[in-house]
Amino acid sequence: MKNILTIFKKELIGYLKSPMAYIVAASFFTITGFFFVASVSDAFSEASIRGFLAGAVFFMIFLSPALTMRLIAEEQKLGTMELLMTSPLKDFEIVVGKFLAALSIIIVMIMGTFFYPIILIIFGVPDFGPIFTGYLGLILYSSSTLSVGIFASSLSSNQLVSLVVGSGILSFLTFIDFVSSRLSGAFGTILNELQLGGSFSLFDSSSFGIAEGGHFADFARGIINVYDIIFYISVSTIFLVLTIFSLESRRWR
Amino acid sequence: MINISKMSKYYGEYPAVIDVSFNIAKGESIGLLGPNGAGKSTTMKVMTGYTPPTSGNVNIGGYDIIKNSIDVRKLIGYLPESVPLYTDMTVKEYLSYMGSLRGMGKNILNRVDEVIDLTSLNQYKNVLISKLSKGYRQRTGIAQAILHKPKVLILDEPTIGIDPVQVVETRKLIQNLGEEHTLILSSHILPEVTSICNRVLVIHEGKIVADDTPENLSNRLQTSNLCEIKVKNGKSNGIIKLLRNEEYIVDIRTKDGENDEFESYYIETSSVKNPESLISKILINNNIELFKLSSLPLTLEEIFLQLTKD
């Protein structure tokens, strides 16, 4: 536990000292701001944060890997991974410490969007249920995307490769509904169940600005489904475990 | 302290270390000597638990390297060959971080200051590591390795790539460390190992070809039979004729690349004792002004040839 905290603190300071976290945050606020405004500026539009959520969820497939690409790739490039792996700490402590640092940054970033609901309260009568479940879902979803990003970071010593691989995996888990809808039977169902949360329908003119998919859809509508929560926690765990395997495999090479 | 028995390490099909066995007692300072690719770094990576051996047993301080990996790592201070550092940290931040990773408690900062003193990094302690020269980075790396007062100190090529003045200082520093720790050091420079260590393991192509004290090792090795001399220009033919007459001289070659004022020669001798003194006597008796006379050190290849012959 103490080791996790040591790694966590180091990475958190690393984020605050390097430009990447600020760049990601700036992009995040620009994108979510745009989608929020687009979704509430029509006449008679609903006082909800669904527009902001849909944009945030979709663009997280690029922002999360950008945030995590440095975490392990850089240690491999600098050779400091050799120091970490010969220090008396377990591989999972390294991975979990780094993951929690990235998660904290994302949560702070998400908290920065609280002024969208505040605007809604001032100018309208929002329903608090979907706002609460939306934020809960967004944090759980982001944790999955970060976990995928960390895994991608462990595969290479090149940060750019990590970014592309991470975004690639997340994009696949986002447009998977296009594939599954063309398949029938059990395989189609399984693929459909794997859709992470974003949806490329975001850019359809009919549903522009409000489109969620997969396990995020219920959160956006104000429904807490235990199954969705378990799904996101499982995805986070699975990719963290894969990251630990990836580190361990380095020892055997 | 360290027992290695029948340890082999293959990278895929490629054997890096083959069937190596040795023991190291507490307080010994061991030099691993070998050319690049001999298996020095691999042996060290196995001892630190970074990479497991393909076969064989490694036991450090009574702990098995695989079963009790964490316990072993607590005993070890390690400086990898690449001297990995977090370049965006200052020396002090880096050392404090490494200290907390090693589970050091509240006294971390005192110990960090102590180590900074010991490695003469005082004026650079608040400088970003990315701004440090290679020599100071090396010291930061060594500081990191000794921070937690490890029982076993493993330094992989600690003087490679730094300037000669700093090499001397770094060697002195390491020599002092050898008094407190069980020290294992790798190098491809014979004098470095013999000056610091009290036992030398010579590794060649993944196997240990010699395991001896520096004194015995140099006794086993013939001294060099190649000398270089430098004299004033203009008497060249005289010198060659003069020396050709001596029966212990096998060959004389002119060395290219000298300026107009001086010229240099390589002189190969048969295995006589102290050829330098014999040659200098001849030159001085013939009134030839001598500006340089040195016997060239054995190259590593020659050392291995000699050691593997018997």
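Side-chain atoms are counted along with the backbone in the values below, which use heavy atoms only and exclude waters and symmetry mates. Note that the structure is a prediction, hence the values are computed from the model and not measured. Each chain gets a letter, A, B and so on, in the order its sequence line appears, and its residues count up from 1.
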Review point. For A:Phe245, does the CZ atom sit with more than 12 other heavy atoms under 6.0 Å from it, leaving out its own atoms?
Key: no
Study note, to complete from the structure: CE of A:Met85 to OH of B:Tyr50, rounded to nearest 0.5 Å, is 6.0 Å
Point to revise | A:Leu83 to B:Tyr78 - nearest heavy-atom pair and separation | key: CD2-O, 4.0 Å
**Study point:** A:Lys2 NZ: over 12 foreign heavy atoms closer than 6.0 Å
**Key:** yes
Exercise for review: Mind ranking B:Ile76, B:Ile70, B:Asp71, B:Val72 by heavy-atom pairs under 4.5 Å with chain A and telling me who comes out on top?
Suggested key: B:Ile70
Exercise for review: Determine the minimum heavy-atom distance between B:Lys74 and A:Pro88, stating which atoms define it.
Suggested key: CG-CB, 3.6 Å
Check your understanding: Counting heavy atoms not belonging to A:Phe187, are there more than 12 under 6.0 Å from its CZ?
Key -> no
Exercise for review: For B:Arg102 and A:Ser87, indicate whether the former's side chain and the latter's backbone hold a donor-acceptor pair under 3.5 Å.
Suggested key: no
For residues 80-89 of chain B, which side-chain N or O atoms pair as donor and acceptor with protein atoms under 3.5 Å away, sequence neighbours left out?
residue	atom	partner	partner atom	Å
B:Glu81	OE1	B:Ser41	OG	3.2
B:Tyr86	OH	A:Glu75	OE1	2.6
B:Tyr86	OH	A:Glu75	OE2	3.2

Review point. Taking only heavy atoms into account, what residues of residues 5-21 of chain A are found under 4.5 Å from chain B?
Key: A:Thr6, A:Ile7, A:Lys10, A:Lys17
Would you be so kind as to tabulate the donor-acceptor pairs closer than 3.5 Å made by side chains of residues 55-63 of chain B, with sequence neighbours excluded?
residue	atom	partner	partner atom	Å
B:Asn59	OD1	B:Gly62	N	3.4
B:Asn59	OD1	B:Tyr63	N	3.3

Study note, to complete from the structure: Looking only at heavy atoms, the pair that brings A:Leu89 and B:Arg73 closest together is O-NH1, 3.1 Å
Review point. With a cut-off of 6.0 Å (strictly less than), are more than 12 heavy atoms of other residues, nucleotides or ligands near NZ of B:Lys172?
Key: no
Review point. How about residues 229-241 of chain A versus chain B: which residues have heavy atoms under 4.5 Å apart?
Key: none
